[in-house]
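Here's the structure, in structure tokens; my notes come after.
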Amino acid sequence: MNVIFILLALVLVFLVFPFLGRKIYSFNVKKTISIFLIGIAALFAVNLAFTESFNPTQTVDIFIIYFNLIISFEILFIFMFFFYGTGGLGIVGSLFEKSSEMIEDANLFSDLKKHTTPKAFISYLIYGYVFVFGIFAGNKVLMILLGMEYKIAFLWFEEIFITLQFESTLIIILGITLFSIKAFKHGYFSKEYWKSNLTYDERRSTWYRYLRKFIVVFLYSWGIYTAFISYFIEIFGLSTPFEYGGIDSLLLVFYLAALLQSIYFFKNKTEVVSPLKTQQDDFKKKVDETIQIAEVKPKKPIEEEQDEIKFE
């Protein structure tokens, strides 16, 4: 790996991404989604200039290959298809939510307008990193479906994303891990995940929750196993057990899941972040104007009361 790309990646990670994460975090939903989609369009325009030309016939053939792989019902492929999808959901959703929680926690103890704590810096770094990864995921989906490849003269551009680990199997393994942790603790697709308004009886462990946790542990072990197989296939350039396009189709699932999860998070970022806010309207002093206070007549002085006392 070239030293120049390593230095460039470090500059992006420690200087650009924290700044970007802080800005994006403060934007509203509409502005965030607009910047996200504009980022995808801008990066895709750059890719068009740096990649080989493609034709519609090639694109149709690629769609047919991926479609046939998905409906072939090959057990190993379907198994990995599921895990690559959970990897895309986990790497984006879990990191966005965790970084948001850390940011709000840092806001509680420090004034970020005057200084930035290490915890807040790391939180904004993660937020910015995942935001850029979501943009990259959208472009990667288009490049895979359109069969686009970088020209030899512009391979350095792809090397930037490789150095950032955007195309590494390790990030897929991390995504599967994060997804499994959330599913184990909260039940990713159950009402436990939205448990803020549930009673203790609804949140306590029951037999089906123990069954779910057992299933998560079982599937997670297999998911990590298959992901590591893909990692060694990538490192040593081994042949895959699938037909042509098998690995690319799995990567398509991963990046598509990451793209959809990014859009879903940005669309619902207000609902996700609002329970974590340290300064809300609920903490402000409220005056109920409908309450009427009865007028209390002042008591008479003691001297007047004594004068009114009559003795028989």
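Along the sequence shown, residues are numbered consecutively beginning with 1.
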Applying the 4.5 Å side-chain criterion to the ILVMFWY set and letting contacts propagate, would Ile6 and Phe17 be lumped into a single cluster? yes
Parallel, tilted or perpendicular: which describes the rings of Phe96 and Tyr127, with under 30° parallel and over 60° perpendicular? perpendicular
Cluster link Phe133 to Val11, ILVMFWY, side chain under 4.5 Å: no
Is the backbone N or O of Phe27 less than 3.5 Å from a side-chain atom of Lys269, with the two atoms forming a donor-acceptor pair by type? yes
Sidechain-backbone polar pair: Ser94 side chain, Ile91 backbone, donor-acceptor under 3.5 Å: no
Hydrophobic cluster membership, with links at side-chain heavy-atom distances under 4.5 Å among I/L/V/M/F/W/Y: are Ile38 and Phe266 in one? no
From Phe14 CZ over to Ile122 CD1, what is the distance, rounded to the nearest 0.5 angstrom? 9.0 Å
ILVMFWY network linking Ile4 to Phe166, side-chain heavy atoms under 4.5 angstrom: no
Separation between CG of Leu260 and CG of Leu89, rounded to the nearest 0.5 Å: 8.0 Å
Taking atom NZ of Lys98 and atom CD1 of Ile181, what is their separation to the nearest 0.5 Å? 10.0 Å
State whether the number of non-hydrogen atoms from other residues, nucleotides or ligands found under 6.0 Å of Lys119 atom NZ is greater than 12. yes
Does Tyr129 reach the main-chain N or O of Leu164 with its side chain, forming a donor-acceptor pair under 3.5 Å? yes
Is there side-chain contact between Leu48 and Met148, with heavy atoms separated by less than 4.5 Å? yes
Euclidean distance, Met102 CE relative to Leu95 CG, rounded to 0.5 Å: 10.5 Å
Hydrophobic clustering (ILVMFWY, side-chain heavy atoms < 4.5 Å, transitive) - are Phe19 and Leu7 grouped together? no
Is there a donor in the side chain of Glu104 and an acceptor in the side chain of Tyr25, or the other way round, less than 3.5 Å apart? yes
With respect to Phe131, which candidate in Tyr124, Phe265, Phe36 satisfies the ring pair (Phe, Tyr, Trp, His ring centres under 6.0 Å) definition? Phe36
Report the C-alpha separation of Met143 and Thr51 in whole Å, then their side-chain angles, then the decisive distance to 0.1 Å, and conclude whether the side chain to side chain contact (heavy atoms under 4.5 Å, CB included) test is met. CA-CA 9 Å; Met143 291 186 68; Thr51 56; 3.9 Å; yes
Minimum-distance pair of heavy atoms, taken over all atoms of Ser123 and Ser99: O-CB, 3.5 Å
Measure across Val141 and Leu252 and return the closest heavy-atom pair with its distance rounded to 0.1 Å. CG1-CD1, 3.8 Å
Of all heavy-atom pairs between Ser262 and Gly134, which one has the smallest distance, and what is that distance? OG-CA, 3.8 Å
Please walk me through it: do Phe83 and Phe179 pass ring-ring contact (aromatic ring centres under 6.0 Å, His included)? CA-CA 10 Å; Phe83 283 112; Phe179 181 92; 9.1 Å; no
Calculate, to the nearest 0.5 Å, the distance between atoms CZ and CG belonging to Arg22 and Leu125 respectively. 13.5 Å
Minimum side-chain heavy-atom gap Val92-Leu259 below 4.5 Å: no
List the steps and the verdict of side chain to side chain contact (heavy atoms under 4.5 Å, CB included) for Asn47 and Phe157. CA-CA 9 Å; Asn47 287 334; Phe157 189 72; 3.6 Å; yes
Considering all heavy atoms of both residues, which atom of Ile176 and which atom of Thr86 are nearest to each other, and what is their separation? CG1-OG1, 4.1 Å
Minimum heavy-atom separation for Leu43 to Asn139, with atom names? C-OD1, 3.2 Å
Answer whether the closest heavy-atom distance between the side chains of Leu250 and Phe81 falls below 4.5 Å. yes
Determine, step by step, whether Leu8 and Thr163 satisfy the side chain to side chain contact (heavy atoms under 4.5 Å, CB included) criterion, reporting the C-alpha distance in whole Å, the side-chain angles of both residues, the deciding distance to 0.1 Å, and the verdict. CA-CA 9 Å; Leu8 179 59; Thr163 308; over 6 Å; no
Beyond-backbone contact of Phe254 with Ile171, side-chain heavy atoms, under 4.5 angstrom: yes
Take Ile160 and Leu12 through the test side chain to side chain contact (heavy atoms under 4.5 Å, CB included) and record every step on the way to the result. CA-CA 10 Å; Ile160 298 175; Leu12 290 173; 4.2 Å; yes
Distance in Å, Leu142 CG paired with Lys140 NZ, rounded so as to fall on 0.5 Å steps: 11.5 Å
Taking the ring centre of each residue, are Tyr150 and Phe50 less than 6.0 Å apart? no
What closest approach, in Å, do Ala137 and Ala258 show between heavy atoms, and which atom pair accounts for it? CB-CB, 4.1 Å
